[in-house]
Amino acid sequence: VQRASLSVQAVLEAVSAELTALGMSSAIVLPGLGEGKWPLVHIGGDTTVADGIRRLMAKCQAEGESLMRPESLRRALQENKTTPFTLDETFYAQVSQDRALARTLRRQLPPLAALAMPLVADDRVFGLLCVADKSIHPALQPALEVFANQTAIAIRNAQLLTHVSESEEQYR
């Protein structure tokens, strides 16, 4: 992840690849880096889970709703602490008002244990790293939190490198 910190996109891809190699699905949510009010989101892992989350996000975006509506995600951002939650019909319904889509996703996807971990740099939360799997052993949480911290540092480094490159270009 640290070696990939030449660009934010490279960091997101490296993080997803590492978590996928561990058998986990992931979503990295960066509210401040998206276009307009919609956050930058990178999804990785199991294709069925990733496709389901993409469908949910597309519906949410089409409805003009905030992706950050679920209490678990807002709490992780606001309180700066890892928050466990379950990817299930209740979660899907919190994201989108479309009950039919929530039921469809429930049929297609098994309930997944998930953690929303804040991404912190310069003493402020700027995003979330969410991981999901059939089960997440409590002993894994500290290691995943360290991984989230390293992810935050790599994203911040990539942003700084981009800023320096843009400044050098402008100076030239």
Side-chain angles (χ1 to χ4, degrees), residues 1-34 38-54 56-57 60 66-95 105 109-163:
V1 170
Q2 289 298 325
R3 284 190 303 262
S5 66
L6 294 177
S7 75
V8 172
Q9 190 61 38
V11 171
L12 301 180
E13 290 170 7
V15 168
S16 291
E18 290 299 318
L19 291 169
T20 299
L22 294 171
M24 296 181 175
S25 294
S26 63
I28 303 163
V29 182
L30 302 171
L33 294 182
W38 192 252
L40 173 66
V41 180
H42 185 83
I43 300 168
D46 179 88
T47 55
T48 304
V49 174
D51 289 345
I53 297 301
R54 282 187 190 97
L56 183 64
M57 286 176 39
C60 182
S66 169
L67 180 64
M68 304 312 289
R69 281 181 46 196
E71 178 64 29
S72 54
L73 300 182
R74 283 198 322 265
R75 190 173 338 121
L77 272 176
Q78 293 169 352
E79 297 177 11
N80 186 12
K81 69 180 205 177
T82 298
T83 306
F85 64 101
T86 304
L87 279 174
D88 59 7
E89 186 173 4
T90 302
F91 179 85
Y92 306 138
Q94 288 175 356
V95 173
L105 290 174
L109 303 173
L112 298 172
L115 292 173
M117 295 165 287
L119 297 173
V120 181
D122 301 328
D123 295 325
R124 70 175 189 86
V125 178
F126 68 91
L128 292 175
L129 171 60
C130 300
V131 296
D133 202 355
K134 290 179 183 139
S135 67
I136 297 176
H137 194 279
L140 280 179
Q141 185 170 331
L144 289 169
E145 288 172 342
V146 168
F147 191 71
N149 289 335
Q150 291 299 312
T151 299
I153 291 167
I155 290 170
R156 185 66 181 134
N157 286 345
Q159 289 173 320
L160 292 171
L161 283 172
T162 300
H163 180 69

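Every value quoted in this text rests on a predicted model; they were computed, and no experiment measured them.
- Here the closest non-hydrogen pair linking Thr86 and Phe91 is O-CB, 3.4 Å.
- Judged as a salt bridge (Lys or Arg N to Asp or Glu O under 4.0 Å), the pairs with a partner in residues 110-139 (not counting sequence neighbours) are, in order, Asp122-Arg156.
- Listed by chain and number, the residues in a side chain to side chain donor-acceptor pair (under 3.5 Å) with Ser72 amount to none (sequence neighbours excluded).
- Two residues are said to be in side-chain contact when any heavy atoms from C-beta on lie closer than 4.5 Å; Leu30 and Leu12 meet this criterion.
- Side chains of Pro118 and Thr82 form a contact here, defined as non-hydrogen atoms less than 4.5 Å apart.
- Side-chain atoms of Val49 and Leu112, non-hydrogen and from C-beta on, do get closer than 4.5 Å to each other.
- Proximity of Phe85 to Leu115: side-chain heavy atoms (C-beta onward) are nowhere separated by under 4.5 Å.
- Residues Ile155 and Leu119 form a side-chain contact, since some pair of their non-hydrogen atoms from C-beta on lies under 4.5 Å apart.
- Between the side chain of Ser26 and the main chain of Met24, no donor-acceptor pair closer than 3.5 Å is present.
- Ile43 places none of its side-chain heavy atoms less than 4.5 Å from the side chain of Ile28.
- Under the 4.5 Å side-chain criterion, counting only non-hydrogen atoms from C-beta, Val131 is in contact with Met117.
- In this structure Gln9 satisfies the side chain to side chain donor-acceptor pair (under 3.5 Å) test together with Glu13, sequence neighbours excluded.
- A search for side chain to side chain donor-acceptor pair (under 3.5 Å) contacts involving Ser16 returns His42, not counting sequence neighbours.
- The salt bridge (Lys or Arg N to Asp or Glu O under 4.0 Å) analysis of residues 137-154, with sequence neighbours excluded, yields no pairs.
- No donor-acceptor distance shorter than 3.5 angstrom exists from the side chain of Ser25 to the backbone of Gly45, with no hydrogens or angles considered.
- Legend: residues meeting side chain to side chain donor-acceptor pair (under 3.5 Å) with Arg69, ordered by chain and number and at least two apart, are Glu65.
- Counting only heavy atoms from C-beta outward, the side chains of Val8 and Gln159 approach each other to under 4.5 Å.
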